[in-house]
Asks: 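Okay, handing you the structure first.
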Protein chains: 2
Amino acid sequence: MSGAVRTNTRDIARAAIRSELAQVAFDLFRREGFDNVTVNDLAAAAGVSRSTFLRYFGSKEDAVLGAVDIQGEQVVGALRARPADEGDWTALRRALDTVTELHRRDPDGALVMSQLIMRTPALGARTLEKQNGWRPAIAQALAERADPSWPDLLVPSVRAAVAVDCLNVAVDHWTASDGGLDLDALLDEAFAAFAPG
Amino acid sequence: MSGAVRTNTRDIARAAIRSELAQVAFDLFRREGFDNVTVNDLAAAAGVSRSTFLRYFGSKEDAVLGAVDIQGEQVVGALRARPADEGDWTALRRALDTVTELHRRDPDGALVMSQLIMRTPALGARTLEKQNGWRPAIAQALAERADPSWPDLLVPSVRAAVAVDCLNVAVDHWTASDGGLDLDALLDEAFAAFAPG
DNA sequence: TCCTATCCTGAAACTGAGTGTCATACTGTA
DNA sequence: TACAGTATGACACTCAGTTTCAGGATAGGA
């Protein structure tokens, strides 16, 4: 067991190829439009066979949305790292800093990515699906923060979902402003949308 | 123009066929599992050609999820009918009564439908996508309620998304309880998840 | 009643995504 | 060098969804 823990030469090579394929796919999608590019095109552009491409990414969408999975893990990780006495909303807001930080580090790349996703229904749908997959993990992390564990996960689930919504609405507005607005400010505004009542 | 307003004989026939096809599809999916039923199977079971079936429903998923579209329209309609001086959250909660009322009228049907959607990733994803489509309309309706229209749709969008999340979490829990819990109570609980802070 | 424009249907061909299989080539290890 | 595990490419296959086209039903007016 534990053959997955140590990264050997093969894993490194695979990761490199994977990121290379993702890059090629992203460029091609951006240039030609997601729907106008077939898996054959992607494979040809990357210099691998169709089989290989589909082995690295289970679907065309996944070639673009690997970043979304990573974001989810990072958010959950950041949430778990928050002090236990912090309020849920503050902890969630701070956990989302991992995402805004990514946008601050590469605004142009993030903007182009957002635009591609927003103008491609298939990518938007798949993104929603992936983000929806974050919910259980976030809710679980929230539940473990509360001293007297909630009777069930309803309240944590709602808060997890709300946080993700805030992120999405903020990113949408940020993207609509062509990156001109400040994402952290937008996110604060979004979180404030249910503060007063 | 306006040939779509008056419902003539043809429209009635089409609606009847459509609902018949949806019924056949639902039964077959429930019995065999969504992924184990092909469009050919559906067409054969309904006694129409594959072409016809795909003309009535753009996709396999849509054969099941027509109800979701209707729910969205109903929620928006109900929201617009709420008194203007009502708070956003109350108005949203009351608008969602249209959905809970549907569950109360046919609990067994609603339960089976929820179970089918929850155990079928493709249906879950498509449902999320459709519900995400409600957001702009709900946000717009909220924005029009506010006297001094908000600078932008950020706050209404967040509130719209949150309301839909509450619905989903509540329905998830209701489904997990096999319909044993009270959906309205769950929904109230969900809405209370961000009241105190 | 007949005529005509419109719409519905079924048949068929086509594209493209995703799955499964198999033989071959490569890579690290003993 | 020989061996075992793995990645690759080629190929066949299923199925969803689109498009085209021809024939048949129907509504509504003359």
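Order of the sequence lines fixes the chain letters, A, B, ..., with proteins taken first and strands second; residue numbering starts at 1 for each chain. No experiment lies behind these values; they were computed from the predicted model shown.
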Asks: In this structure, how many angstroms lie between the P atom of C/dG18 and the NZ atom of B/K60, rounded?
Replies: 14 Å
Asks: In whole Å, I'd like the distance from the CG atom of B/L54 to the P atom of C/dT9.
Replies: 13 Å
Asks: Given B/D62, which partner from the list B/R126, B/R55, B/R18 fulfils the salt bridge (Lys or Arg N to Asp or Glu O under 4.0 Å) test?
Replies: B/R126
Asks: Hey, does A/Y56 reach any base, or is it just sugar-phosphate, or nothing, if we go heavy atoms under 4.0 Å?
Replies: sugar-phosphate
Asks: What string of B, S and - do you get for nucleotides 19-30 of chain D, 5' to 3', if B is base contact, S is sugar-phosphate-only contact and - is no contact with any protein heavy atom under 4.0 Å?
Replies: -------BS---
Asks: Tell me if a side-chain donor or acceptor on A/T127 pairs with a main-chain N or O of A/L123 at a distance below 3.5 Å.
Replies: yes
Asks: Could you tell me whether the side chain of A/E129 reaches within less than 4.5 Å of the side chain of A/V68, counting heavy atoms only?
Replies: no
Asks: Kindly indicate whether the side chain of A/R82, heavy atoms from C-beta on, has any atom under 4.5 Å from the side chain of A/L92.
Replies: no
Asks: In this structure, how many angstroms lie between the P atom of D/dT6 and the CG atom of A/D11, rounded?
Replies: 10 Å
Asks: Considering only side-chain heavy atoms of A/R50, which listed nucleotide, D/dA16, D/dG9, C/dA17, is closest?
Replies: C/dA17
Asks: Residues in salt bridge (Lys or Arg N to Asp or Glu O under 4.0 Å) with A/R14, at least two apart?
Replies: A/D11
Asks: Compare every heavy atom of A/W89 with every heavy atom of B/A193, then report the nearest pair and how far apart it is.
Replies: O-CZ2, 3.9 Å
Asks: Can you tell which of D/dG9, C/dG10, D/dT8 lies closest to the side chain of A/I17?
Replies: D/dT8
Asks: Is the shortest side-chain heavy-atom distance between A/H173 and A/S177 below 4.5 Å?
Replies: no
Asks: Would you kindly give the CG-to-C1' distance between A/L123 and C/dA17, to the nearest whole Å?
Replies: 14 Å
Asks: For residues 30-42 of chain B, which residues have at least one heavy atom under 4.0 Å from DNA chain D?
Replies: B/V37, B/T38, B/V39
Asks: Please report the distance, rounded to the nearest Å, between CG in A/D62 and C1' in C/dA17.
Replies: 13 Å
Asks: Between B/S49 and C/dT9, does any side-chain N or O lie under 4.0 Å from OP1 or OP2?
Replies: no
Asks: Can you tell me how far C1' of C/dT9 sits from CZ of B/R14, to the nearest Å?
Replies: 13 Å
Asks: Please state how far atom CZ in A/F53 lies from atom P in C/dT19, giving the value in whole angstrom units.
Replies: 14 Å
Asks: Which label fits B/F29 and B/F34: parallel for a plane angle under 30°, tilted from 30 to 60°, or perpendicular past 60°?
Replies: tilted
Asks: Establish, from distance only, whether the side-chain atoms of A/D172 and A/T175 form a donor-acceptor pair under 3.5 Å.
Replies: no
Asks: Would you kindly give the CZ-to-C1' distance between A/R126 and C/dG18, to the nearest whole Å?
Replies: 13 Å
